[in-house]
Asker: 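Submitted below is the structure of interest, expressed as structure tokens.
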Amino acid sequence: MRIVNDIAVELATYLEEDVADVVMNLSSPPRPEMGDVAFPCFRLAKRFRKSPQDIANDLKTRFETEERDAAVELLAKIERIETAGGYLNFFIKRDYLARSIIRESIEGGDRPGTSSEGEGKTVIVEYSSPNIAKPFHVGHGFSTFLGEAVANLYEYGGYNVERFNHLGDYGTQFGKLIVAWKLWGDADALQESPIDELTRIYVKFHDVAENNPELENEARAAFGRLEQGGKDELALWQQFRDVSLREFNRIYERLGIHFDNTNGESFYSPMIPAVVDELKEKNLLIESEGAQVVDLEEFGLNPCLILKSDGSTIYASRDIASILYRKREYEFYKNIYVVGIPQKNHFNQVFAVMEKMGFPNPESNMHVAFGTVKFADGAFSTRTGNVIILEDLLDTSVAKTRAIIEENNPTMESVEIDDIAEKIGVGAVRYTFLRNGRERDIVFSWEDVLDFEGESAPYLLYTVTRCASLERRAPESLLERVQQIGDEELELLVSDDEQELLKEISRFPASVISARESHEPSVMMRQVMTIARAFNAFYHNAHILRAENEALGAARLVLAQVVGRTISAGLRIAGIEPVERM
Ligand code: ARG
């Protein structure tokens, strides 16, 4: 709300403070009887040697008596100012509040609250990052959904976003796969169901190696040859990579996700010798039991392993090489890793090594961590032990959604149901990964995920279709009036329900900023949910198409449009595509 800024400007003038500092201190009170904007005076007590309550009273008087034009103009938009317990509470005139919030929202179009704060800044968001030859499980799903939302939040703020997928396509496990393939590989099965076949021979390798330790040596040798560029090994590795990517790309397509850079770990491997040289030159590399490590005691961390005793490289060295590469090629403002909590220590080590190397702004590298996915009893049983494959989860969600839609819409055509069920089923899963603080574990239950009345994507999507259907059903004359809605009509939205809803709409842009700054899409998701709840309360209590008079009906329909656009914008940031009907 622009008026919040106007209030801050006045306060800043009176207090001789920065507007930005004042804005930070303004809050929206939890209850309507406490006004629309509150300014706490506690921190000023020391400076003015007065009680917060007295300061609040002084400020109130100053507001009411100030004669500068800007102040008089502002005061005309304010119903009254009250002081209570050290707070200065502003009550904005209801008609002004209605008109200004709707006008601001209309200005924002389909992207209310979008900004250009990030202009000229490149942010790398690395997410998904599955491993070649291994299943794309729900953990990678978490990274994928969260990462896409974080990337979208930055884009919404005008940043240049580079989406990275750091494929796990390198490491000693490829030596094992190569040996296992030569012993037991089935070419047909590999084409048919690549990940299943590669998992099968990988598991078999471990079973057999238990009694034949020489297999492990063979695998190490095979990886060594791969690192040296051995032809056979490279060809097999390339094949495993290709067939796995084919699987992963199918998932990305289904989810509408596109990466700008899919360089895997293998891409960075050749850059490691240069990293080792640089570490040596800076006297950071020390030998420990034959391996090369960087000591991180001053950070309270274990040493970071750079080269194993046999000279082969590891995960962390590839990450260090990749940060240097990314800086060189992208000159990033931020380099963000959306990876699970268990890798916290790994990233702390890698970032600490960067700091020791004298990397500029080491804090521009960030680990955005997330929790694990658990399943309520019976929510999911798998064919693959304890690993839950993301595709199985999505398919089940879509099938369950389809059954619900079919029941609710007996006459809907099958193709339309397919389309809607896919969007809602996938959206419901995505929402579940974004609704709570990301470091919290997710306890998955279908009852919640597909609760059309609960805290779910279906509820939000349904609210959007409700707004759209109002527009579809509205008579021509009303739509015409909506087209050229005037301030005097918007100023009719003064009921408690309408004002409550308007205020929630006005909080959407701030929730987007806060979600971006904390890398917590849940902050924005919660605001979108609050808007939906407020809209449905309004919808049940007020007539829109049959309002008391046409002017009010038109204003309410505009309000519904604004709600639909705001919720849709939030859903799109979350990667959830709204549907026409359901
Ligand atoms: N492939 C890894 C895994 O599945 C995640 C990679 C995370 N990114 C990174 N730059 N280390 O656990």
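All ligand and atom numbering here is 1-based and tracks the order in the structure. Remember, predicted model here, so these are calculated numbers, not experimental data.
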Asker: Keeping E197 on the side-chain end and G185 on the backbone end, is there a donor-acceptor pair under 3.5 Å?
Answerer: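 Answer holds: no.
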Asker: Going by the order shown, which atoms of ligand 1 are within less than 4.0 Å of some heavy atom of F347?
Answerer: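 By the 4.0 Å cutoff, the relevant atoms are 9 (C), 11 (N).
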Asker: Which heavy atom of T144 sits nearest a heavy atom of S128, and at what distance?
Answerer: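 Closest approach of T144 to S128, heavy atoms only: OG1-OG, 2.9 Å.
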Asker: Classify the angle between the aromatic ring planes of W446 and F444 as parallel (below 30°), tilted (30 to 60°) or perpendicular (above 60°).
Answerer: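 The rings of W446 and F444 stand perpendicular, inter-plane angle above 60°.
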Asker: If the cut-off is 4.0 Å to any non-hydrogen atom of Y337, which atoms of ligand 1 fall inside it?
Answerer: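 The atoms of ligand 1 under 4.0 Å from a heavy atom of Y337 are 10 (N).
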Asker: Considering only the protein, which heavy-atom contact is closest to atom 12 (O) of ligand 1, and what is its distance?
Answerer: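 Among all protein heavy atoms, the one nearest atom 12 (O) of ligand 1 is Q343 NE2, 3.0 Å.
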Asker: Number the atoms of ligand 1 from 1 as they appear, then name those within less than 4.0 Å of a heavy atom of V339, with their elements.
Answerer: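 Taking each heavy atom of V339 in turn, ligand 1 has 7 (C), 8 (N) under 4.0 Å.
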Asker: Closest non-hydrogen protein atom to atom 10 (N) of ligand 1, residue and atom name please, with distance?
Answerer: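 The closest heavy atom on the protein side is D319 OD1, 2.7 Å.
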Asker: Carefully, step by step, assess H519 and Y154 under the rule ring-ring contact (aromatic ring centres under 6.0 Å, His included).
Answerer: CA-CA 10 Å; H519 304 103; Y154 274 101; 5.7 Å; yes
Asker: What protein heavy atom is closest to atom 4 (O) of ligand 1, reported as residue, atom name and distance in Å?
Answerer: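 Going atom by atom, the protein heavy atom closest to atom 4 (O) of ligand 1 ends up being H140 NE2, 2.9 Å.
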Asker: Which heavy atom of the protein is the closest neighbour of atom 6 (C) of ligand 1, given with residue, atom name and distance?
Answerer: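 Protein heavy atom at minimum distance: Y315 OH, 3.3 Å.
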Asker: Could you find the nearest protein heavy atom to atom 1 (N) of ligand 1 and give me its residue, atom name and distance?
Answerer: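 Nearest neighbour among protein heavy atoms for atom 1 (N) of ligand 1, to 0.1 Å: N131 OD1, 2.6 Å.
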Asker: Tell me whether the rings of F259 and Y127 are parallel (<30°), tilted (30 to 60°) or perpendicular (>60°).
Answerer: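 Correct class here is tilted.
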Asker: Find all atoms of ligand 1 within a distance of less than 4.0 Å from any non-hydrogen atom belonging to E126, and give their numbers and elements.
Answerer: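 Atoms satisfying the 4.0 Å criterion: 7 (C), 8 (N), 9 (C), 10 (N).
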Asker: Parallel, tilted or perpendicular: which one describes the rings of Y325 and F267, with boundaries at 30° and 60°?
Answerer: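 The arrangement is perpendicular - the two ring planes meet at more than 60°.
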Asker: With under 30° as parallel and over 60° as perpendicular, where do the rings of Y170 and F223 fit, or are they tilted in between?
Answerer: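 If you compare the ring of Y170 with that of F223, the planes turn out perpendicular.
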